[in-house]
Amino acid sequence: MSGGPPKALPSTGPQSLRDMPHPLAGSSSEEAVGGDSTPSPDLLTARSFGDKDLILPNGGTPAGPASPASSSSLLNRLQLDDDIDGETRDLFVTVDDPKKHVCTMETYITYRITTKSTRVEFDLPEYSVRRRYQDFDWLRNKLEESQPTHLIPPLPEKFVVKGVVDRFSEEFVETRRKALDKFLKRITDHPVLSFNEHFNVFLTAKDLNAHKKQGMALLTRVGESVKHVTGGYKLRSRPLEFAAIGEYLDTFALKLGTIDRIAQRIIKEEIEYLVELREYGPVYSTWSALEGELAEPLEGVSACIGNCSTALEELTEDMTEDFLPVLREYILYSDCMKSVLKKRDQVQAEYEAKLEAVALRKEERPKVPANVEKCQDRMECFNADLKADMERWQNSKRQDFRQLLMGMADKNIQYYEKSGRRVCIQVGLEDAKCDSELFATG
Amino acid sequence: MEQALPDPERRLQPAPLEPLGHPDAGLESAVGEEAEGARDEGPGDGSMMENNFWLKKIEISVSEAEKRTGRNAMNMQETYTAYLIETRSVEHIDGQSVLTDSLWRRYSEFELLRNYLLVYYPHIVVPPLPEKRAEFVWHKLSADNMDPDFVERRRIGLENFLLRVASHPILCRDKIFYLFLTQEGNWKETVNETGFQLKADSRLKALNATFRVKNPDKRFTELKHYSDELQSVISHLLRVRARVADRLYGVYKVHGNYGRVFSEWSAIEKEMGDGLQSAGHHMDVYASSIDDILEDEEHYADQLKEYLFYAEALRAVCRKHELMQYDLEMAAQDLASKKQQCEELATGTVRTFSLKGMTTKLFGQETPEQREARIKVLEEQINEGEQQLKSKNQEGREFVKNAWADIERFKEQKNHDLKEALISYAVMQISMCKKGIQVWTNAKECFSKM
């Protein structure tokens, strides 16, 4: 990844997110920045929001005791997050094995959560528990409560219109399982959230309901204070970078929505094409029954069309089960981000209002009172956490979409290959020649 | 144009010289003197013909189509399309071709030619014309006869028709066909002067025969069933194929929307932008590729259509057989009845009903002289009848023999042509899959660079 310590930026005031090189972007950002490689002490108290993340020293946060849960103290981990080689990972979580439970009052599905970890926070190296959707929902709420400055990944849709979708069908359960797995993996990948007490309980407790009843609320100091922020403060000016993030997310969600509609339309057209194909193939068989010499080639065409139909059905199923859900999840994800951005705005608004109140008091030597300083800390922590999460989100978005779209391309390639190969056989080409026929360039 | 055209080498092979059981066989021999090239010098001279065949060949093409306006029979303005027919004679030695004839014809003249051939060669499976109106259309194709795509496909179909006739061993020697290619003015009058319309069997008569014939040749009955089934299955096939084409068009075109949205999305992305943008371009390529694919498939559909219409021609031959057989059966029945009457008159017993018998009862017996006279008339009629029956039988057998020979020829042609059509259809599908793999592989590479 990036060779040396992340570069510090000159404090020229707030900059738009776009113009700022990604701290972890590697060589390109290093070229763009040039110059200084050591952060100057002034930056520690500077108001330029951009530099906060880039400060290396672990204990460098000005406000409050450094707590292990503060993201600014765990920036080093940011680098490690991008290593997917697993060697530096010490926590692995998987969701699998859905089972249906039938009780007197209700029927529901549970999933097996398997955890493997070498972290000290876990008593045992391995855990296996069963959880249902409700439990995931509980976890998410707890995370939002206890880590309000962080972006919590979304859960798949809670409510399902009964009668339209069968909650117990294999496809639905599998789609949900994948989404829940992704949800936990995202938390696992997060340097702060993965250490959250509630997360630990979720992964390890034999009886989660007992814990729920206890109402464990282990909040960070920052979390505690943010929780008490009342709404109603008007924001003066949103810093450029957060405004940019907001705009980006709006457009992003729009585009994803469009892609979702296009993908759905394609699937619909493909299914209608499939319906016609299913009538088309057998007509060749009917004709073949009338003929002598032509019987074999006609039957062959019928078989090719049948084969193509099967391949097409697989394509539409894959797209419905794998492509659409992931797309929709990202729309939910950007909605999550936007609500966190709103909270951040509120925190900033409160701080600015309090600051203004102090300025209006017209004292000879205006001293920033303690509570205003606390507000400032809160805001700056929030900004830092959010920025870090945004970078992380952008990275994983890029990887996820690369994978998703390559997957879509792959499925289409496979469809054409399966169809084409069968026709090649029909025309009498041998296997080896099929490949050169189908995959030749030009 | 990837149609299965009749083999050019087969165009003018020496025709079998068996006599045609038809009064106007003389027309064909007259062609010999006026025709150029491999047209024979007259029946019965096989060796001479073979020499000519190797010396010269002719090439026929319908090379152009043009919109015309003119006045129709009711003196109203009309727009129609005229087709240019060019005939070339090819010197075998050096392969060079020389334009010998060139004239313009419209669709209705082709129809006239075909109707003439149907009447004069009822034992031949006469090649069909391309459809008069666009049928089995899918949404993109216009059903308008003036649409350029339709006109183009019709031009090809008309050329195919002429080539089929020219390569038929018997039809190619027809004088009216020759004049169609060479005599622009007055051709219509010439055709009509043959009086072929009068010679045509009425539809009603044919239908009547179909229901009432007692002993048709079994092969023709089977063939008729086959041609009915063939028509039905090919119609069904063409209808579904048109729907398949429609749906496939939809699938490809919707992908074009990806092109636009990827482009818009790439504008807000940093690292992902380039990959998205170029992938979007490939989606546009994918969406537009369907136009050529479906155009090629139309040619396949046209090949099937030709055989759909050929099925009708097959049926016509079967109907003719039924008609002739029915005619024969009626004549035999009539003869038998007359013989019966004669016998009764001679022996004096009255078993069959006759008008004379009736009037005799009412108005009194006839004299022996009257009876003798009647017997004599009947005996003459019976003689005539027996002659007629004999020649009808002969005609019938000739017809069956010649028709069956042409049907065998047709079957081979059909199997050959349709096999080729199916192979070329398969090749089209392979090509489509190949293009699909290429585009998506390119898109995948763009995505990988995101």
Side-chain angles (χ1 to χ4, degrees), chain A residues 18 22 25 247-248 251-252 254-256 258-259 261-262 265-266 269-270 272-277 279-280 283-284 286-287 290-294 297-298 300-301 304 308 394 397-398 401-402 404-406 408-410 412-413 415-417 419-421 423-424 426-427 429 437-441, chain B residues 226 229-230 232-234 236-237 240-241 243-248 250-255 257-258 260-262 264-265 267-272 275-276 279 411-412 414-415 418-419 422-423 425-427 429-430 432-450:
Chain A
R18 275 205 201 199
H22 190 297
E247 271 174 40
Y248 169 82
T251 313
F252 178 70
L254 267 177
K255 294 308 147 196
L256 283 197
T258 307
I259 292 174
R261 277 192 300 281
I262 296 171
R265 180 67 190 277
I266 289 175
E269 295 285 338
E270 282 173 348
E272 290 180 345
Y273 173 49
L274 185 60
V275 166
E276 301 298 349
L277 280 182
E279 192 184 327
Y280 188 47
V283 182
Y284 281 97
T286 309
W287 185 359
L290 298 175
E291 298 288 340
E293 218 179 296
L294 287 175
L298 285 170
V301 174
C304 286
C308 176
Q394 286 282 19
K397 172 206 79 181
R398 189 174 157 197
F401 273 96
R402 189 194 295 144
L404 183 71
L405 292 169
M406 282 175 76
M408 171 173 90
D410 251 334
N412 278 280
I413 292 169
Y415 160 71
Y416 279 113
E417 198 199 337
S419 303
R421 199 172 283 277
V423 186
C424 284
Q426 182 59 33
V427 212
L429 286 177
E437 190 57 43
L438 290 172
F439 294 98
T441 44
Chain B
Y226 169 76
E229 312 247 286
L230 188 69
S232 160
V233 87
I234 296 184
H236 188 195
L237 193 69
V240 185
R241 193 212 72 90
R243 294 202 308 258
V244 166
D246 210 11
R247 291 300 174 197
L248 190 62
V251 170
Y252 271 74
K253 286 300 177 190
V254 181
H255 278 86
N257 290 312
Y258 274 147
R260 200 165 37 110
V261 75
F262 283 168
E264 289 166 6
W265 182 10
I268 60 168
E269 295 291 342
K270 289 191 287 186
E271 297 97 358
M272 281 168 64
L276 275 176
K411 277 186 189 166
E412 267 194 51
K414 176 204 82 177
N415 287 338
L418 288 176
K419 236 189 258 176
L422 290 174
I423 289 175
Y425 187 51
V427 169
Q429 301 308 309
I430 293 173
M432 182 172 92
C433 291
K434 185 170 158 175
K435 279 188 218 171
I437 289 173
Q438 216 165 41
V439 163
W440 283 104
T441 306
N442 290 339
K444 184 178 171 184
E445 210 181 295
C446 296
F447 291 139
S448 74
K449 293 193 182 131
M450 265 168 42

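Numbered from 1 within each chain, the chains take letters A, B, ... in sequence-line order. Here the structure is a predicted model, which is why all the values come from computation and not from measurement.
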Between the NZ atom in A:Lys397 and the CE atom in B:Met272, the distance rounded to the nearest 0.5 Å is 5.0 Å
**Asked** Mind checking whether B:Lys414 and A:Leu294 have side chains closer than 4.5 Å, heavy atoms only?
**Response** yes
- For atom CZ of A:Arg398, decide whether the heavy atoms of other residues, nucleotides or ligands shown that lie under 6.0 angstrom number more than 12. yes
In terms of heavy-atom pairs under 4.5 Å with chain A, the winner among B:Met432, B:Glu445, B:His255 is B:His255
Side-chain heavy atoms of B:Tyr252 within contact of A:Glu269, under 4.5 Å: no
**OP:** Apply side-chain contact (heavy atoms from CB on, under 4.5 Å) to B:Lys419 and A:Glu293, showing your working.
**Re:** CA-CA 9 Å; B:Lys419 236 189 258 176; A:Glu293 218 179 296; 2.9 Å; yes
To the nearest 0.5 Å, atom OG1 of A:Thr251 lies from atom CD of B:Glu264 at 10.0 Å
Residue from B:Trp440, B:Tyr258, B:Tyr226 scoring the most non-hydrogen pairs under 4.5 Å with chain A is B:Trp440
Assert top hit (heavy-atom pairs under 4.5 Å, partner chain B, pool A:Leu274, A:Ile259, A:Leu254) equals A:Ile259
On a heavy-atom basis, the closest approach of A:Gly420 and B:Ile430 is O-CG1, 4.4 Å
Smallest heavy-atom separation, A:Glu276 atom then B:Val240 atom, equals O-CG1, 3.7 Å
If one checks every heavy atom of B:Leu237 against chain A at 4.5 Å, the contacting part turns out to be both
dist B:Cys446:SG -> A:Arg402:CZ (nearest 0.5 Å) comes out at 13.0 Å
d(B:Arg260 CZ, A:Lys255 NZ) to nearest 0.5 Å is 8.0 Å
For B:Lys253, the side chain to side chain contact (heavy atoms under 4.5 Å, CB included) test, sequence neighbours excluded, returns B:Tyr249, B:Ile290, B:Asp291
With chain B, the option among A:Glu291, A:Arg421, A:Gln426, A:Glu417 that has the most non-hydrogen atom pairs under 4.5 Å is A:Glu291
Max heavy-atom pairs within cutoff under 4.5 Å with chain B, candidates A:Tyr415, A:Tyr284, A:Phe252, goes to A:Tyr284
Scored by heavy-atom pairs under 4.5 Å with chain B, the best of A:Glu247, A:Glu270, A:Arg261 is A:Glu270
Looking only at A:Thr258, A:Leu405, A:Leu256, A:Asp410, most heavy-atom pairs under 4.5 Å shared with chain B are made by A:Leu405
Okay, B:Ile234 and chain A: the region with an atom under 4.5 Å from a heavy atom over there is side chain
If you tally heavy-atom pairs under 4.5 Å between each of A:Val423, A:Leu277, A:Thr286, A:Leu298 and chain B, the highest tally belongs to A:Val423
> With a 4.5 Å limit on heavy-atom distance, are the side chains of A:Trp287 and B:Leu418 in contact?
Replying inline: yes
Legend entry - Step-by-step side-chain contact (heavy atoms from CB on, under 4.5 Å) determination, A:Tyr248 to B:Glu269: CA-CA 9 Å; A:Tyr248 169 82; B:Glu269 295 291 342; 2.3 Å; yes
Tightest non-hydrogen contact, residues A:Ala409 and B:Lys444, listed as CB-CB, 3.6 Å
Minimum side-chain heavy-atom gap A:Leu404-B:Phe447 below 4.5 Å: no
For the residue pair A:Glu279 and B:Arg243, establish whether any side-chain heavy-atom pair is separated by less than 4.5 Å. yes
Indicate yes or no: at least one non-hydrogen side-chain atom of B:Arg247 is less than 4.5 angstrom from one of A:Val275.
-> no
